[in-house]
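Chain identifiers are assigned alphabetically (A, B, ...) following the order of the sequence lines, protein sequences preceding nucleic acid strands; residue numbering begins at 1 within each chain.
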4 protein chains.
Amino acid sequence: MAKQKRTKTKAKQGAPRQPAPEAAPVKRGRRKATEAKLENLLATAAELMAQKGYDNMSIRDVARATGYSLAGMYYYFDSKEQLLFQIQRNTFESLVTEQEAAVQRAKSAKAKLEALVRNYLDFFLRHTNELKVCAFEHESLKDAAYEEVRDIRHRWYRLLAGIVADLTGLDPAADDASIRHYTLFIFGMLNWIFMWFDERRDTPIETLGDEMIHMIFHGLPRQTKNKKG
Amino acid sequence: MAKQKRTKTKAKQGAPRQPAPEAAPVKRGRRKATEAKLENLLATAAELMAQKGYDNMSIRDVARATGYSLAGMYYYFDSKEQLLFQIQRNTFESLVTEQEAAVQRAKSAKAKLEALVRNYLDFFLRHTNELKVCAFEHESLKDAAYEEVRDIRHRWYRLLAGIVADLTGLDPAADDASIRHYTLFIFGMLNWIFMWFDERRDTPIETLGDEMIHMIFHGLPRQTKNKKG
Amino acid sequence: MAKQKRTKTKAKQGAPRQPAPEAAPVKRGRRKATEAKLENLLATAAELMAQKGYDNMSIRDVARATGYSLAGMYYYFDSKEQLLFQIQRNTFESLVTEQEAAVQRAKSAKAKLEALVRNYLDFFLRHTNELKVCAFEHESLKDAAYEEVRDIRHRWYRLLAGIVADLTGLDPAADDASIRHYTLFIFGMLNWIFMWFDERRDTPIETLGDEMIHMIFHGLPRQTKNKKG
Amino acid sequence: MAKQKRTKTKAKQGAPRQPAPEAAPVKRGRRKATEAKLENLLATAAELMAQKGYDNMSIRDVARATGYSLAGMYYYFDSKEQLLFQIQRNTFESLVTEQEAAVQRAKSAKAKLEALVRNYLDFFLRHTNELKVCAFEHESLKDAAYEEVRDIRHRWYRLLAGIVADLTGLDPAADDASIRHYTLFIFGMLNWIFMWFDERRDTPIETLGDEMIHMIFHGLPRQTKNKKG
DNA sequence: CATGAATGAGCCTTCATTCAT
DNA sequence: TATGAATGAAGGCTCATTCAT
């Protein structure tokens, strides 16, 4: 027989798709309650990550903020990285799905781009913390989890890049670099918002949308003394 | 929203103005050598911070990368935060000074904005790591160090915001929010570059400059099939 | 030297005699089912302990391997140590009882020793995991549980020591140390088997028995070119 | 450039041969002192591991026992497993080297086996804790460290197996299994000693050696009323 | 019978920092 | 200048165990 090599059990790695939410139709009340707790926990974690950054946030912080014990947290997720992953995947998947739908509904390329921007700003207001975590903590994920989120991100990129190609008439085969750059300029404007948006100063968000759309289609406004008149 | 200031539990902060570089009037040769070492050290640290993020980089990493002993590092700076501060202040001060000079040299508002963009991209190529640290680790500084860097940043902001006001003819008194937004859109485009710039794909940088300037003045290019004709 | 008793910092120990198996006079069918489950559980636990060691095995491992919930395990035993205790006591008690019977049946001292060895090897094949746990996790038990198992072990020791005294003609009063040593040499051969036995290489076990008996009675085989022959 | 994927530095894995003891001929006094501290630390750790088992011993235990802080321990080794590895490699290497030398010095196969046993018992008295750790915590090592120690162990095995083949005249080609078994019986006797040796009862160790050698060459002593005549 | 949910204690490890030399 | 040696604090994670249901 010979003594087996001792191994820690560990297991679970990568990006384990959590059990489908509808899996067991038993004990509905229970399920609901636990799910609500998990959601609250993810929201709290997202807030802390947005505030302090992933590396600087400790699971202990989340425990303190939610009122749970440290060990209690691990009932809801398997590791700090999984926690980040869940936030990013859930949020990003929702965002991109919403964006795709918004774009689909619009008719012209111009309308599509406008819809994408407005939906983004709206989503931003509804999920500020989560979205910031998606935008800035991309690199904190590794391996399978990293790749899964990266794929969603690519879907998003292709969505916008397609519109940009349409609008500009640039040829994806010949002018790939240019399309890429203009697309990324727009992403830059969108994502940098996290760095400065202030609810008191920068609302209503529709105005911000107007301005950004103007910037995208016409660049800075001209000498008319009155902007978006 | 504006990114919250990151705080570690452990604090301690004093008068972060590190001893003025002229502090000890030691022999010149010595001074030179020491300064060169310091500069090399700062460059190495900037590289590591750009790669891994401030929180995730350890002083041990810097020691390993420079060949010094761990304790030896502390001859050159007083704390990890001071290290970050030195990088940010040096780099940001250089950048803004260069930017101011470039703008001053240009005649029209249009030329000024163009000069600012081109000089930024040029500086970016020369100091990628340091600049990235300035752009993304702003919040890792605290108290006096934070404020000092913030002040430089504000000088930069005002420089661009002034040009934007001139160009658009928006009234700083009446249309402050708009000026602010357009200014920040441009900063967004500029700073987001760190997230995607790839030396192999995105050179020559002059082309990138052309494109960004087009975006700023005219928005996305139109149906002409050929961009930057 | 004698292996010290292992002590965890955290202790708590009571009257480790677990509730006598006959405790609750519930319905017979129920009892049967529960007992079968318990036995399966003990077997699984023994396997895991044999593989990973007591300290390195977690109740979670057992739960996973049996399909029970973690909390569910505690219906069948009161603590991890009780689990170990049940395995050791059940197994050791069976072994020693079998050994005593086998010895009793044999007539001469020589036959007795032979019977003991052969029965041991047979038992070993039938209860490898459990026996390994008995042999190597002796010290993981504490207080009353430790003592109870130690007493069974002593019964075993005395059984073999008696035969050795008979066979060698050594006087228990005068040559106690010698009897002890020869006895423990034999136990060493027997127990060390766990460290190397490999079902594929070391069967049939009768051959192994032949060899060990030869070793015990005559030492290493001589120059005859053919062993056991 | 694109933000690099963040990676912890970590490094050092497997079985890093510690720097050759004579590496730097500088600061002899210092070196000596530090080495002495390390040796004392390893001895203390070995004692604790022998007492409680590797899994059950915490680095905190070692820190407490040596008077160092917990973090201080990590100046001397990289991980708990490395600590175990250092103990095993150092000890096992010494043992096997001594054993080989002792065997080499002896002329006949019989004398060689006798020398091996006596040297082992002597080494056992000089390094009880360390040797016990070698004998019983073999499986707690993993990967490269495991393999390196396993290789030393094999050297030891082959040393004894060679003598057994010589002595018995068994043919390594034809009777491999038998040689293996007799060899392992002897290892069993030798290694099991840790389980029962008691300095007060089982000295002088020469007597124990006499007995074991008798067992190996002739089996249990006969009816002569006088053992080891 | 059985489990979902939760926790206190503890473990390994890393880190920024210090200080004597 | 520079470093070997050391440490307090903190962080991620696991575990045996409990308890209401």
Side-chain angles (χ1 to χ4, degrees), chain A residues 8-10 26-27 29-31 33-34 37 55-61 63 67-81 83, chain B residues 8-10 12 26 30 33-34 37 55-63 68-83, chain C residues 8-10 12 26 30 33-34 37 55-63 67-83, chain D residues 8-10 26-27 29-31 33-34 37-38 55-61 63 67-81 83:
Chain A
K8 288 264 174 188
T9 317
K10 259 288 194 181
V26 229
K27 288 201 244 179
R30 279 296 189 92
R31 277 301 306 280
T34 290
K37 280 180 191 174
D55 286 319
N56 208 26
M57 181 211 73
S58 73
I59 301 292
R60 282 161 170 86
D61 289 334
Y68 283 102
S69 70
L70 172 59
M73 309 301 309
Y74 284 83
Y75 182 74
Y76 290 97
F77 52 83
D78 290 327
S79 70
K80 192 184 177 191
E81 201 193 335
L83 176 58
Chain B
K8 292 245 182 182
T9 319
K10 175 177 48 167
K12 186 172 51 166
V26 225
R30 285 296 190 90
T34 290
K37 280 180 188 172
D55 286 319
N56 210 26
M57 181 210 72
S58 72
I59 301 291
R60 277 159 170 85
D61 291 332
V62 185
Y68 282 103
S69 70
L70 174 58
M73 310 297 311
Y74 282 82
Y75 178 75
Y76 293 98
F77 53 83
D78 293 330
S79 72
K80 193 185 177 188
E81 202 194 337
Q82 277 292 319
L83 177 59
Chain C
K8 290 246 182 180
T9 320
K10 174 176 49 169
K12 184 171 54 168
V26 225
R30 285 295 191 89
T34 290
K37 280 181 190 174
D55 286 319
N56 209 27
M57 181 211 71
S58 71
I59 301 291
R60 278 160 170 82
D61 290 333
V62 185
Y68 282 104
S69 71
L70 174 56
M73 312 296 310
Y74 283 83
Y75 178 75
Y76 293 99
F77 53 83
D78 292 331
S79 71
K80 193 184 177 189
E81 202 193 338
Q82 276 293 320
L83 176 59
Chain D
K8 287 264 173 188
T9 316
K10 258 290 190 181
V26 231
K27 290 201 240 177
R30 281 294 190 92
R31 278 299 306 280
T34 290
K37 280 180 191 175
L38 172 59
D55 286 319
N56 209 25
M57 180 210 74
S58 72
I59 301 291
R60 282 160 170 83
D61 291 333
Y68 284 101
S69 70
L70 172 58
M73 309 302 308
Y74 284 82
Y75 184 74
Y76 291 97
F77 52 84
D78 290 328
S79 70
K80 192 183 177 190
E81 201 192 334
L83 175 59

K.L.:
Is any side-chain N or O of D/Ser58 closer than 4.0 Å to OP1 or OP2 of E/dC11?
P.N.:
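Answer yes for this pair, as a side-chain N or O of D/Ser58 is under 4.0 Å from OP1 or OP2.
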K.L.:
Rounded to whole angstrom units, what separation is found between the CG atom of D/Asp61 and the P atom of E/dC11?
P.N.:
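D/Asp61 atom CG is separated from E/dC11 atom P by 7 Å.
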K.L.:
Specify the closest pair of heavy atoms between C/Ile59 and C/Leu70, including all atoms of both residues, with the distance to one decimal.
P.N.:
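Taking every non-hydrogen atom into account, CG2-CD1, 3.8 Å.
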K.L.:
Kindly express the pairing pattern of DNA chain E in dot-bracket notation, using | wherever a base pairs with another strand and counting only Watson-Crick or G-U pairs under 3.5 Å.
P.N.:
.||||||||||||||||||||
K.L.:
Just the rounded figure in Å: distance from C1' of E/dT14 to CG of D/Asp78.
P.N.:
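Atom CG in D/Asp78 sits about 12 Å away from atom C1' in E/dT14.
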K.L.:
Would you indicate, yes or no, if F/dA6 has its OP1 or OP2 atom less than 4.0 angstrom from a side-chain nitrogen or oxygen of D/Tyr68?
P.N.:
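Answer is yes, contact under 4.0 Å.
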K.L.:
Provide, to the nearest angstrom, the distance between the OH atom belonging to B/Tyr75 and the C1' atom belonging to E/dT18.
P.N.:
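After rounding, the reported distance stands at 17 Å.
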K.L.:
So, using side-chain hydrogen bond (donor to acceptor under 3.5 Å, both in side chains) as the criterion, who are the partners of B/Ser79 when residues are at least two apart?
P.N.:
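In terms of side-chain hydrogen bond (donor to acceptor under 3.5 Å, both in side chains), with neighbours along the sequence ignored, B/Ser79 is linked to no residue.
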K.L.:
Rounded to the nearest Å, what distance is computed from the OH atom of residue D/Tyr76 to the P atom of nucleotide F/dT7?
P.N.:
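Checked: the OH to P distance equals 9 Å.
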K.L.:
Between D/Ala71 and A/Gly67, which has a closest nucleotide on DNA chain E that is more 5'?
P.N.:
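Looking at DNA chain E, the more 5' nearest nucleotide goes with A/Gly67.
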K.L.:
Have a look at C/Met57 and say if it touches a base, only the backbone sugar-phosphate, or nothing, with a 4.0 Å heavy-atom cut-off.
P.N.:
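Contact class for C/Met57: sugar-phosphate only.
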K.L.:
Using a cut-off of less than 4.0 Å, is there contact between a side-chain N or O of D/Ser79 and OP1 or OP2 of E/dC12?
P.N.:
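Result: no.
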K.L.:
Can you find a pair of side-chain heavy atoms, one from B/Thr34 and one from B/Tyr76, that are under 4.5 Å apart?
P.N.:
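Answer yes - side chains close enough.
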K.L.:
Distance from A/Lys80 atom NZ to A/Asp55 atom CG, nearest 0.5 Å?
P.N.:
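Rounded to the nearest 0.5 Å, the NZ-CG separation comes out at 6.0 Å.
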K.L.:
Mind checking D/Phe77 for me? I need base, sugar-phosphate or nothing, with any heavy atom below 4.0 Å counting as a touch.
P.N.:
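Here D/Phe77 touches no strand at all.
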K.L.:
For a quick check, tell me whether the side chain of B/Arg60 and the base of E/dA16 share a donor-acceptor pair closer than 3.5 Å.
P.N.:
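Pair found.
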K.L.:
What is the separation between atom CG on D/Leu70 and atom P on E/dG10, rounded to the nearest whole Å?
P.N.:
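Answer to the nearest Å: 14 Å.
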K.L.:
Determine: side-chain N/O of C/Lys37 to OP1/OP2 of E/dC1, distance under 4.0 Å, yes or no.
P.N.:
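Answer is no, no contact under 4.0 Å.
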K.L.:
What is the distance, to the nearest angstrom, from the NZ atom on A/Lys80 to the C1' atom on F/dC13?
P.N.:
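Roughly 12 Å, once rounded to whole Å.
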K.L.:
Has C/Tyr74 got a side-chain N or O lying under 4.0 Å from the OP1 or OP2 atom of F/dT17?
P.N.:
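Checking C/Tyr74 against F/dT17: at least one side-chain N or O falls below 4.0 Å of OP1 or OP2.
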K.L.:
In whole Å, what is the span from the CD1 atom of A/Ile59 to the P atom of F/dG12?
P.N.:
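Computing the A/Ile59:CD1 to F/dG12:P distance gives 5 Å.
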